[in-house]
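FYI, the numbering just counts along the sequence from 1.
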Amino acid sequence: MQTADRTVLVPVPRHPLGLPQGSVRAVLSLAIVGLFWLLLLLPADRDVQIPLYLYFLLGLVLLFFASHGRSIDPEGTSHRSPLGLPRGSIRGIILLGTVAVVAWCIHSDRDLLIARLTPSTQQLPHWPYLLGALLGGFFFGWIIRLGPWKGVYWFQDLQAWISLIAILVLGAEIVIRLFIRPNMDQEIDLSLFGKILVAIVAFYFGVRS
C-alpha cells in the first residue's frame with residue numbers, strides 16, 4: 001500500500017520591494033533626516049523653519065535605531081543588513097551626518113540654528129493632531145500585523161505598496177518645501193499634508209515593527 005506524498009506549501013517570507021529586511025525603513029529614515037539637514041543648511045536669506053511634523057517623523061527615526069538590532073537584523077542571524085550595506089552603516093550615516101550638520105550650523109550662525117529649531121506660535125496648535133496621527137498610524141499598523149494574514153502574499157504585497165506610498169509622499173514633501181513653496185507669492189498651508197504624511201509613515205513603521 002502506497003502513501004501519497006503530501007507537500008505543504010508554506011509562504012516564503014518576503015520583505016517589501018524584495019529588499020533586505022529594514023531597507024524601506026532605512027530609506028524613509030534617511031529621507032527624514034535628509035530633509036532635516038537640508039532645512040538647517042539653507043542660506044540665511046531663505047526664510048524657512050523646521051516644520052513641527054518633522055520632529056514627529058524624527059521620533060520614528062529613533063524607533064529605527066531601537067529596532068535595528070532586533071526586528072531588522074538580529075545578531076547571530078544570516079539576514080542581510082538594510083540596503084545590503086555593512087552592519088550599522090545606516091545608523092552611522094544618520095548619527096554622523098546629524099552631528100556634522102548641527103556642528104556646522106553652530107559654527108556658522110548659532111542664532112539662526114536656534115531660530116529654525118524653535119517652533120512658531122502658529123505651529124503649536126497642530127501638535128495634538130500630529131501626536132494623534134503618529135500614535136494612531138503606528139498602533140493601527142501594529143495591530144494589523146498581528147492578524148493571521150501576516151505570512152500570506154497579499155499582505156506582504158500590501159506592505160510593499162504602503163512603503164512605496166510613504167516614500168513618494170515624503171519625496172513630494174521635500175520637492176514642495178524646497179523648490180515649489182519658496183517661488184510662490186502666496187503661502188501654502190501644508191499642515192494637513194504634514195498630518196497625512198506622519199500617519200502614513202507611522203503606519204508603515206508600525207506594520208513592520
Side-chain angles (χ1 to χ4, degrees), residues 24-44 46-68 71 90-91 94-95 97-99 101-106 109-145 162-163 165-182 184 186-209:
V24 174
R25 279 171 285 176
V27 171
L28 287 171
S29 297
L30 290 173
I32 292 168
V33 297
L35 177 58
F36 181 66
W37 297 342
L38 286 172
L39 293 176
L40 289 181
L41 292 173
L42 287 175
R46 298 287 291 273
D47 185 19
V48 298
Q49 194 171 31
I50 303 300
L52 190 60
Y53 74 83
L54 190 55
Y55 292 108
F56 289 86
L57 291 178
L58 288 171
L60 293 173
V61 176
L62 295 178
L63 179 64
F64 173 80
F65 268 71
S67 62
H68 193 286
S71 66
I90 302 299
R91 287 184 291 182
I94 293 173
L95 180 60
T98 302
V99 171
V101 169
V102 172
W104 170 258
C105 292
I106 292 175
D109 194 337
R110 182 177 180 179
D111 293 335
L112 178 63
L113 173 64
I114 295 175
R116 286 183 171 174
L117 290 175
T118 304
S120 65
T121 54
Q122 290 80 13
Q123 289 180 321
L124 292 179
H126 296 288
W127 81 264
Y129 304 100
L130 288 168
L131 180 62
L134 176 70
L135 296 178
F138 181 83
F139 283 111
F140 181 65
W142 184 76
I143 292 172
I144 289 295
R145 71 176 290 274
I162 292 172
S163 66
I165 293 173
I167 293 173
L168 290 175
V169 171
L170 191 56
E173 159 62 17
I174 294 174
V175 172
I176 292 173
R177 187 164 293 277
L178 296 183
F179 301 104
I180 298 178
R181 190 174 184 178
M184 297 190 67
Q186 187 175 0
E187 184 74 8
I188 304 177
D189 185 8
L190 296 175
S191 58
L192 178 60
F193 187 90
K195 298 180 184 70
I196 296 174
L197 177 59
V198 169
I200 292 177
V201 177
F203 176 83
Y204 182 76
F205 273 78
V207 84
R208 295 295 298 169
S209 63

With a 4.5 Å limit on heavy-atom distance, are the side chains of [X] and [Y] in contact?
X      : Y      : result
Leu54  : Leu39  : yes
Leu41  : Cys105 : yes
Gln123 : Tyr53  : no
Leu60  : Leu134 : yes
Ile165 : Ile200 : yes
Leu28  : Phe205 : yes

Pairs meeting criterion side chain to side chain donor-acceptor pair (under 3.5 Å) with involvement of residues 55-64, two or more places apart: none
[X] [atom1] to [Y] [atom2] distance, which is reported to the nearest 0.5 Å:
X      : Y      : atom1 : atom2 : answer
Leu30  : Leu35  : CG    : CG    : 12.5 Å
Ile114 : Ile106 : CD1   : CD1   : 8.0 Å
Thr98  : Leu58  : OG1   : CG    : 8.0 Å

What closest approach, in Å, do [X] and [Y] show between heavy atoms, and which atom pair accounts for it?
X      : Y      : result
Leu130 : Lys195 : CD2-CG, 3.7 Å
Ala133 : Ala202 : O-CB, 4.4 Å
Leu40  : Arg116 : O-NH1, 3.2 Å
Phe193 : Val169 : CZ-O, 3.8 Å

Atom CH2 of Trp142 with >12 non-hydrogen neighbours under 6.0 angstrom: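 No, not enclosed.
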Heavy atoms from other residues, nucleotides or ligands near OH of Tyr129 exceed 12 (cutoff 6.0 Å): no
For Phe140, ring-ring contact (aromatic ring centres under 6.0 Å, His included) partners two or more places apart: Phe203
Verdict with reasoning, Val61 to Phe36, per side-chain contact (heavy atoms from CB on, under 4.5 Å): CA-CA 12 Å; Val61 176; Phe36 181 66; over 6 Å; no
